[in-house]
Amino acid sequence: MPSEQELVRAVWLLQNGGLVALPTETVYGLSANALDVAAVQRIYDVKGRPKTSPLIVHVASIEMARSLAREWPLEANILAGAFWPGPLTMVVKKRPVVPDLVTAGLDTVGLRMPAHPVMLEVIRRAQVPLAAPSANRFTEVSPTTAQHVYDSLGDAVDLILDGGPCRVGIESTVVSLAGEEPVLLRPGMISREDLERLLERPVRTVGDVEGAHPSPGLHHKHYSPRTPAVRVSDGKLPAGRVAYVWWRTPADAAVAIRMPDDVAGYARELYGALLEADRAGVDVIAVEATPTAAEWAAIEDRLRRALQ
Ligand code: AMP
Ligand code: MG
């Protein structure tokens with residue numbers, strides 16, 4: 001955990017246009033004061049992220065969320081009550097105080113209260129909401145340790161706070177509450193079924209909705225290792241030197257990385273495994289197909305984007 005001095009420095013940097021990589025329970029975030037346009041611009045520059053990709057704004061309270069939302073529907077209160085702090089981002093209509101650069105020009109903003117003591121403490125002390133995409137270069141695998149952040153961004157950030165490995169390991173569920181009906185924009189460890197149970201009505205996915213505005217985590221290629229990566233089943237590996245990421249079927253590979261067979265453990269270790277496989281200097285990464293049950297939907301989503 002970071003020292004008091006590091007916390008003070010992080011807060012000072014964020015209040016003065018700096019960029020600080022902070023741990024959250026999902027992945028490490030590259031944070032800037034969401035209300036400081038120049039600081040937010042630096043996020044896009046450092047990540048090489050297109051301006052069409054809006055940033056999630058992280059808050060430390062529902063009051064802070066409401067200060068950024070033009071409308072805060074009852075359903076936002078229901079979901080915040082159930083899942084905040086936690087890996088759920090809610091998209092709501094934004095107030096003018098939220099810069100267009102943060103929202104990629106959309107009239108909506110994605111808000112989340114993260115469940116990590118370091119991130120929450122920094123937001124509380126800084127007294128500003130933090131725009132924070134994953135702390136890696138655009139299209140690459142998201143970082144789940146401080147070392148991963150350093151490997152991807154190095155000195156391009158002003159400070160990296162080490163809060164240990166991320167507990168959830170994949171990005172938040174994103175649900176839009178800005179329209180007539182709730183729409184799941186990005187699957188995550190809080191499932192569509194969890195949301196439907198709480199809201200007591202159907203939550204459609206973005207594919208089901210005509211004319212829904214696209215959501216950037218939905219870029220086709222994303223979360224990708226540099227090494228070619230393919231999905232395999234029954235332990236049938238491709239030719240060449242292979243890094244094999246498996247959970248059920250062992251096979252003879254140059255590098256074998258065994259994954260937990262429960263979904264939470266798999267999510268927690270997925271990006272670390274892909275980064276390790278990438279560093280192994282193999283010809284190809286082979287990932288064993290995961291279960292097809294609904295609770296694996298978020299893993300399936302990330303693998304589909306990571307594997308070409
Ligand atoms: P990242 O920060 O890389 O995890 O990605 C941010 C994600 O938040 C995107 O993939 C979008 O799904 C979502 N997002 C953030 N703000 C909005 C918004 N205003 N409208 C729709 N989606 C959003
Ligand atoms: Mg990302």
Side-chain angles (χ1 to χ4, degrees), residues 19 21-32 34 40 43-44 46-59 65 68-71 76 87-114 119 129-144 148-149 152-153 166 168-179 182-190 192 204-207 209 211-225 267 270-271 274-275 298 301-302 304-306:
L19 287 190
L22 293 171
T24 82
E25 81 282 28
T26 58
V27 302
Y28 273 71
L30 179 60
S31 311
V40 172
I43 293 181
Y44 286 96
V46 164
K47 280 185 65 85
R49 180 174 171 121
K51 297 272 170 53
T52 49
S53 242
L55 305 177
I56 293 172
V57 177
H58 295 73
V59 297
L68 305 170
R70 193 169 78 245
E71 283 171 23
L88 179 70
T89 298
M90 293 191 277
V91 172
V92 294
K93 298 217 172 80
K94 81 174 188 76
R95 290 199 202 219
V97 65
V98 181
D100 288 337
L101 187 59
V102 169
T103 63
L106 296 170
D107 185 36
T108 55
V109 60
L111 299 172
R112 181 168 103 82
M113 191 194 310
M119 181 81 157
L130 299 181
S134 54
N136 57 284
R137 292 187 199 278
F138 184 63
T139 79
E140 294 186 356
V141 178
S142 302
T144 53
H148 295 160
V149 178
S152 179
L153 299 179
C166 299
V168 174
I170 63 171
E171 298 81 355
S172 59
T173 304
V174 180
V175 64
S176 173
L177 301 177
V183 179
L184 183 70
L185 299 178
R186 177 172 72 185
M189 295 307 284
I190 292 173
R192 175 186 188 168
R204 296 200 288 170
T205 61
V206 75
V209 182
H213 61 68
S215 198
L218 310 177
H219 277 282
H220 181 62
K221 181 174 154 65
H222 206 150
Y223 320 116
S224 302
L270 175 61
Y271 291 148
L274 291 177
L275 288 165
D301 172 78
R302 301 307 188 277
R304 187 159 39 79
R305 292 173 214 286

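Just so you know, these numbers use all the heavy atoms, side chains as well, and skip hydrogens, waters and symmetry mates. Numbering of ligands and ligand atoms starts at 1, following listing order.
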Review point. Looking at L185, which atoms of ligand 1 are within less than 4.0 Å of one of its heavy atoms?
Key: 21 (C), 22 (N)
Exercise for review: Please identify which atoms of ligand 1 are closer than 4.0 Å to at least one heavy atom of L106.
Suggested key: 18 (C), 19 (N), 20 (N)
Exercise for review: Drop me the distance from S31's OG to H58's NE2, to the nearest 0.5 angstrom.
Suggested key: 7.0 Å
Point to revise | Numbered atoms and elements of ligand 1 in range of P133, under 4.0 angstrom, heavy atoms | key: 2 (O)
Check your understanding: Hey, does R302 have a side-chain heavy atom less than 4.5 Å from the side chain of R186?
Key -> yes
Check your understanding: Considering only heavy atoms, which of P54, G110, G188 lies nearest to atom 23 (C) of ligand 1?
Key -> P54
Exercise for review: Quick one: list whatever passes salt bridge (charged side-chain N to carboxylate O under 4.0 Å, His left out) with K93, sequence neighbours left out.
Suggested key: E71
Review point. Short check: any N/O/S atom of S134 below 2.8 Å from the Mg ion (ligand 2)?
Key: yes
Exercise for review: Can you sort out the partners of A135 under side-chain contact (heavy atoms from CB on, under 4.5 Å), two or more places apart, ordered by chain and number?
Suggested key: A21, Y28, L30, P143, V149, L153
Review point. Would you call T173 and T89 a side-chain contact if the rule is heavy atoms closer than 4.5 Å?
Key: no
Check your understanding: T103 near ligand 1, heavy-atom distance under 4.0 Å?
Key -> no
Study note, to complete from the structure: Note: T108, heavy atoms under 4.0 Å from ligand 1, region reported as both
Practice item. Have a look at R49, E171, K93 and point out the one with the heavy atom closest to atom 3 (O) of ligand 1. Key: R49
**Study point:** From L184 atom CG to R204 atom CZ, the distance as rounded to the nearest 0.5 Å
**Key:** 12.5 Å
